[in-house]
Amino acid sequence: MSKYTEELKLVEQYLADACRTGAIAVQHRLSNSLVRRWIGSYRVHSIDGLKKKFTHYSAEFKLTLLQRIRNDALSYEEAAVTFNICNAGILSAGEHGYCNGGIDALRPSPKGRPIQLTAPTTKPEPKPDDEKRSRDELLAELNHLRMENAYLKRLQSLVQGQHKATPPAKRK
């Protein structure tokens with residue numbers, strides 16, 4: 001939703017009364033530059049210059065705009081009014097990007113999250129049945145499990161001993 005309605009943007013009051021832009025800005029609590037931009041858009045494009053625009057500009061169009069700004073010595077505001085662009089800031093950002101990155105910087109960036117390629121999942125090999133395993137393999141696994149169990153028991157006893165050694169905190 002637009003911040004300002006088209007009725008508020010109408011500058012006919014300015015054109016009919018020949019009021020100063022400052023008076024209109026104060027009356028509607030707007031910035032003077034915003035009112036001037038609306039008036040310029042209305043003069044060049046009539047009511048279509050005040051309508052909300054949902055457009056994406058191609059890199060070639062942006063490049064043409066930047067060349068026109070340089071050749072005709074236009075300000076960003078003048079170029080925005082002339083080409084019916086809602087925000088003059090994209091022109092300065094486009095020029096900065098063009099100076100640093102060339103024509104590729106003017107191309108629109110892709111929207112959304114980047115696609116994450118995940119590694120193909122491989123299923124783990126199923127463990128062979130205990131009946132098919134050799135006696136040595138079973139004994140090695142049994143020793144490994146016994147060591148793991150002993151390690152965890154020792155760790156648990158150390159943690160419990162540490163808790164007993166520290167005095168409980170006093171309540172206030």
Side-chain angles (χ1 to χ4, degrees), residues 1-127 148 151-152 155-156 158-159 162-163 166 169 171-172:
M1 183 173 166
S2 179
K3 187 173 180 179
Y4 301 107
T5 62
E6 290 178 21
E7 293 81 24
L8 181 60
K9 290 180 185 178
L10 287 178
V11 293
E12 301 209 5
Q13 175 187 356
Y14 172 80
L15 297 174
D17 300 340
C19 295
R20 293 179 32 217
T21 57
I24 294 174
V26 169
Q27 178 184 0
H28 294 289
R29 296 181 183 158
L30 301 169
S31 69
N32 198 9
S33 63
L34 181 63
V35 174
R36 281 195 313 265
R37 187 177 335 135
W38 288 347
I39 290 168
S41 292
Y42 184 79
R43 283 185 176 155
V44 174
H45 303 287
S46 71
I47 194 70
D48 291 334
L50 299 177
K51 290 186 178 176
K52 190 171 182 180
K53 300 171 240 358
F54 294 99
T55 56
H56 298 281
Y57 304 107
S58 67
E60 291 77 20
F61 179 72
K62 291 178 187 178
L63 183 60
T64 305
L65 282 175
L66 293 176
Q67 290 171 346
R68 184 85 183 270
I69 289 171
R70 286 185 181 166
N71 293 340
D72 296 346
L74 296 174
S75 69
Y76 296 131
E77 290 290 330
E78 291 170 337
V81 168
T82 304
F83 292 103
N84 200 12
I85 296 173
C86 58
N87 184 4
I90 64 168
L91 297 174
S92 64
E95 185 172 30
H96 179 72
Y98 180 69
C99 290
N100 292 335
I103 189 77
D104 291 334
L106 297 178
R107 299 197 194 292
S109 58
K111 302 292 182 207
R113 291 184 179 178
I115 296 173
Q116 300 269 335
L117 298 177
T118 58
T121 56
T122 57
K123 294 181 180 178
E125 294 181 21
K127 292 186 177 181
E148 185 179 351
Y151 175 78
L152 292 175
L155 181 65
Q156 185 179 12
L158 288 174
V159 169
Q162 200 173 33
H163 284 298
T166 58
R171 292 189 176 184
K172 292 182 180 181

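The shown structure was predicted, so the numbers you read here are calculated from the model rather than taken from an experiment.
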Problem - Arg107 and Glu60, any side-chain heavy atoms less than 4.5 Å apart - result: yes
Handout entry: CZ/Phe61: more than 12 non-hydrogen atoms of other groups inside 6.0 Å
Key = yes
Handout entry: Contact list for residues 73-92, test salt bridge (charged side-chain N to carboxylate O under 4.0 Å, His left out), sequence neighbours left out
Key = Arg37-Glu77
Handout entry: Residue pairs fulfilling salt bridge (charged side-chain N to carboxylate O under 4.0 Å, His left out) with at least one residue in residues 82-94, sequence neighbours excluded
Key = none
Exercise for the section: First locate atom OG1 of Thr64, then atom CD1 of Ile69, and finally report the distance between them rounded to the nearest 0.5 Å. Expected result: 11.0 Å
Exercise for the section: Compare every heavy atom of Ala79 with every heavy atom of Leu91, then report the nearest pair and how far apart it is. Expected result: CD1-CB, 3.8 Å
Problem - Pairing residues for Tyr76 by the side-chain hydrogen bond (donor to acceptor under 3.5 Å, both in side chains) criterion, not counting sequence neighbours - result: Glu95
